[in-house]
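For reference, the structure discussed in these notes is given below.
These values consider heavy atoms only, across backbone and side chains, with no hydrogens, waters or symmetry-generated copies. Letters A, B, ... are given to chains in the order of the sequence lines, protein chains preceding strands, and every chain is numbered from 1.
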Number of protein chains: 2
Amino acid sequence: MLRTDEAVKYLKNKGYRITPQRVAVLKALEGNTDHPSAEEIFKIVLKTHPNISIATIYNVLELLEEEGLINAVARVNGMKRFDPNTKVHPHFICRKCHKVYDIPIDREKLVDCFKEIPPEGFITESVKITFEGTCKNCNRN
Amino acid sequence: MLRTDEAVKYLKNKGYRITPQRVAVLKALEGNTDHPSAEEIFKIVLKTHPNISIATIYNVLELLEEEGLINAVARVNGMKRFDPNTKVHPHFICRKCHKVYDIPIDREKLVDCFKEIPPEGFITESVKITFEGTCKNCNRN
DNA sequence: CTGTCTGCAAACCATTTGCAATCGT
DNA sequence: ACGATTGCAAATGGTTTGCAGACAG
């Protein structure tokens, strides 16, 4: 799970400059379970940094993703959605309200299920498990 | 697995018109394990239908996906990739060569692994399991 | 015939890029 | 200081859309 102070330390250590914009994006993501889009992160950060540019948001998100501090976990309505929780876990995308939910899962079972795949010679860098349908809330109506 | 004749029957039965363009897209996808993009399907169909428009390709693909005859299984380099095999099965996306591989998997194990998720009240319409990394071929070089 | 589909070209829109000015180190 | 990073505005590019004409049923 992303923590701003640890991420800052990590980035500094890698030689990256610690700009207010980068810290602001990290803070917007810390503890955020909404799987926000770049636009949503932009809106959050605008509150404290009224001059920030959307291009900077994209820059920072790209950096954080490359450094493995966050993941792009889905694409909903054409927009990438980001998750500060980089542990492998399934997501559920609601086709009606476009919310992205984390799905709790028995980690042992998951590891067991996937341990012999993909085939030899393939090197896996990330795994995505995504359910799509209609969520509890939307099904009630 | 998609079969052109069955798909045609299905679409006709639903009241859709059977146009040469629709049949051509179906034929381009039948038995295709390359997970082609819209552009790639366009190129295939152009050989037999030199006047077809890319917009028509997108139209037909949208229709086939809505009708559950094909799936959009991934987005690689910004491009949707399509699979005529609509059975749930994992994919491996190579970050170097951008090939999309089908991954064989023990179906029973998969069902067992996923049977109690997602949580009650959520209605699942599709499941995607995607590995990303570098493929056997690219790792050799 | 009639209303669905197609082909064309323009529009869309999330994301990327080029570049001069800014600011972290 | 110096070079990495930002903000702005324009470009990119896969996909979508509007519409007149074509064609399947």
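If you take CG of A:Leu11 and C1' of D:dA4, they are 14 Å apart, rounded to a whole angstrom. In this structure, CZ of A:Arg81 is placed 11 Å from P of C:dT15, rounded to the nearest angstrom. Between the C1' atom of C:dT16 and the CG atom of A:Leu63 lies a distance of 16 Å, rounded to the nearest Å. Rounded to an integer number of Å, the gap from A:Ile57 CD1 to C:dT16 C1' is 15 Å.
Formation of a donor-acceptor pair under 3.5 Å by the B:Asn32 side chain with backbone atoms of B:Asp34 is found in this model.
Under the rule for a side chain to side chain contact (heavy atoms under 4.5 Å, CB included), the partners of B:Glu125 that lie at least two apart in sequence or sit in another chain are A:Arg95, A:Thr134. For B:Met79, the side chain to side chain contact (heavy atoms under 4.5 Å, CB included) partners two or more places apart in sequence, or in a different chain, are B:Ser37, B:Asn77.
Residues B:Arg81 and B:Ile93 have side chains not in contact (no heavy-atom distance under 4.5 Å, counting atoms from C-beta outward).
The two residues B:Gly121 and A:Asn139 come nearest to each other via the heavy atoms O-ND2, 2.6 Å. Residues B:Ala38 and B:Ile54 come closest through the heavy atom pair O-CD1, 4.2 Å.
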- prompt: Using a cut-off of 4.0 Å between protein heavy atoms and nucleotide atoms, how would you tag nucleotides 12-25 of chain D 5' to 3' with B, S and -?
  reply: --SBBB------BS
